[in-house]
Amino acid sequence: MTDKKTSETSEEKKSLNFIEQIVEEDLKNGKHKEIITRFPPEPNGYLHIGHAKSIILNFGLAEKYNGKTNLRFDDTNPVKEDVEYVDSILEDVQWLGYKWHGKVHYASDYFEQLYEWAVKLIKNGFAYVDDQSGEEISATRGTPTKPGIESPFRNRSAEENLDLFERMRKGEFKDGEKVLRAKIDMSSPNMHMRDPVMYRIKHAEHHRTGNKWCIYPMYDFTHGQSDYIEGITHSVCTLEFENHRPLYDWFLDHIYEEGRTRPRQIEFARLNLSYTVMSKRKLAELVEKKYVSGWDDPRMPTISGLRRRGYTPEALKIFADKVGVAKRENIIDVGLLEYSIKEHLNRITQRVMTVLDPLKVTITNYPEDKEEFLSAINNPEDESMGSREVPFSRTLYIEKEDFKEEAGRKFFRLKLGGEVRLRYAYFIKCNEVIKDENGNITELLCTYDPLSKGGKSPDGRKVKGTLHWVSAKHAVDVEVRLYDRLFSDESPDGHKDKDFTEFINPDSLTILKNCKAEPFLKNVKSGDRFQFERKGYFCVDKESSKKNIIINRTVSLRDSWKKKNA
RNA sequence: UGACCCAUGGUGUAAUGGUAACACAGAUGGUUUUGGUCCAUCCGUUCUAGGUUCGAGUCCUGGUGGGUCAGCCA
């Protein structure tokens, strides 16, 4: 029953992805003795599953090749960043199970060093202060097919540039009045090489450096040098930075000192998931416009959302492994994510019986005051988890959808005059259906076969259906929240003429208030995970309390019956 | 109509000049006290046209299609 194939065959001969090949090559030919990677988020939002792929890639590389991984906040833009995000990012990385090397790094720790390098570039004639406005700079940059125009301030003397740059730092100028630019090539076919801005003036309070600085380095003048300072060997980022690489290398060329580790930028394709959006801006919009309850809403593709939904770090690693690493644009089927969590939860979760949509069943030939306890297996995939006792009595609940007065032979569940097995309990036969004045079924009158205790056929007769059930007297009331995909379209932000919010699925959340669980659930705490037999994997929500137990459905079980009849 | 990058089943990822492999999805069947798990079988002439080679998914050239770049964002 248990699966042994995943542990044996799949690990043996796994081919390397292109980044691992580069690393192995660099290690083999002695370019590096040890690799150091880094995860460099900007603290301007919550991490999502795309970041999880990057985290797992970077930390995974270091684990595999006995290297190290730094955590560094790319905090060069004070107006967008906040400690709230720093904290959530720290929590998410740790939850994934990774430990960064040494202390947490911040690009803002390097502001002084960066400033000195900027001065060096100025002295060597590779940078100048430009007085043009943002609009002018933009207008003279040219287009991808037309070269740009050199700034009239491009050929100032080093002395003048130095003086101006110092005064920029001192705060003598207003925001936007001046910038420091690299002097490269205004007619480069690569737009990023057309005298990119290195520093801009922002009289804004930074979440770490406060008001110490009023000039802030741009990403391009920060990232590679930060890698260099930290001794990063492989600087892995996403494809949209491909065009930045020549600039990354250009800055390094001008500050590099012989003998030191020189970082290399390598780009891979970011993760895209079907039926969701991944951009920070769009996720923020979902939160702000209250389409979801917050960044950690269980329907969100954020790490905190997935965590609250009941995902495990292991599942995300399984997922990342299956997705792979390459340079091709991709949209991963969300089904693969769901498969990954099912695969893990199937192995580890406690089984439990919970009726989500209860229908009362009275066993007419079962004594009024009798109750008994029946043994149920906790996890068929893991014998060491043992078994538990489940109470049985005359009045029970079964799932409404598990009964039909009349149905074809393909319907294995309970029908009038038919017999099914109650899991771990008895065979029961339905003799009578009770309805209210509107014709709704309110109760089933059944008889049980005392000889079928434990669910074994006493005389060898077979029943096709096995139902989960809960004893009414012993039932624990719980609230269950079912989640469906947030969007009805596979690629909600892939339509030019339509806004992604038009595809929001109005039925992505269903709250069930009247669910009946077996007594095992009485003392659950938030974060506990279960399989509700025949219903799916569930996780106790953070809002859950003793009085009001709230449980999220992480993912449903595969259901070939429902699929066929859909 | 510039530069850079990409193109292998429905979706992803392999094959490192030598029999197109693995996973997910789908289909069919088997086992089963979860219509779960597990097991078996089926599902691609590698975007296109040339070229190099004994041999090309892989190397070269052209084409086609897609992505990225014109923030004082990262």
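In the text below, chain A, chain B and the rest are named by the order of the sequence lines, each starting its count at 1. These numbers come from a predicted model, not from an experiment.
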Of the options [options], whose atoms approach the side-chain atoms of [X] most closely?
{"X": "A:R534", "options": "B:rA3, B:rA74, B:rG35", "result": "B:rG35"}
{"X": "A:K202", "options": "B:rG35, B:rG67, B:rC73", "result": "B:rC73"}
{"X": "A:D74", "options": "B:rG67, B:rU37, B:rA74", "result": "B:rA74"}
{"X": "A:I331", "options": "B:rG36, B:rC73, B:rG12", "result": "B:rG12"}
{"X": "A:E242", "options": "B:rC5, B:rU34, B:rU37", "result": "B:rC5"}
{"X": "A:V197", "options": "B:rA70, B:rC72, B:rA25", "result": "B:rC72"}
{"X": "A:N243", "options": "B:rC24, B:rC4, B:rG36", "result": "B:rC4"}
{"X": "A:S15", "options": "B:rA14, B:rU13, B:rC69", "result": "B:rA14"}
{"X": "A:Q21", "options": "B:rA70, B:rU16, B:rG35", "result": "B:rU16"}
{"X": "A:I137", "options": "B:rG67, B:rU34, B:rC72", "result": "B:rC72"}

Open item on the list: Looking at B:rC72, I'd like to know if its phosphate oxygens (OP1 or OP2) sit under 4.0 Å from a side-chain N or O belonging to A:R141.
Closed with: yes
- request: Would you please indicate if the ring centroids of A:F221 and A:Y115 are separated by under 6.0 Å?
  value: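 Centroid distance A:F221-A:Y115: not below 6.0 Å, so no.
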- Task: Determine whether the aromatic ring centres of A:F532 and A:F538 lie less than 6.0 Å apart.
- Result: yes
Margin query: Mind checking if A:R421 touches a base, just sugar-phosphate, or nothing, with heavy atoms under 4.0 Å?
Written below: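 If one applies the 4.0 Å heavy-atom cut-off, A:R421 turns out to touch a base.
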Q) Does the ring of A:W561 lie flat against the base of B:rG35, closer than 5.5 Å centre to centre with planes under 30°? A)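 Taking the rule of under 5.5 Å and under 30°, the ring of A:W561 does stack on B:rG35.
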Item to complete: Could you check which nucleotide pairs with B:rA27 in any of the strands shown, counting Watson-Crick or G-U wobble with both distances under 3.5 Å?
Response: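 Matched B:rA27 with B:rU41 under the 3.5 Å cut-off.
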Check your understanding: Watson-Crick or G-U wobble partner for B:rA7, using a 3.5 Å limit on both distances?
Key ->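 The answer is B:rU64, by the H-bond criterion.
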**Asked** Closest nucleotide of RNA chain B for A:M191 versus for A:A269: which of these residues is on the 5' side?
**Response**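 Per heavy-atom nearest nucleotide, the more 5' residue is A:A269.
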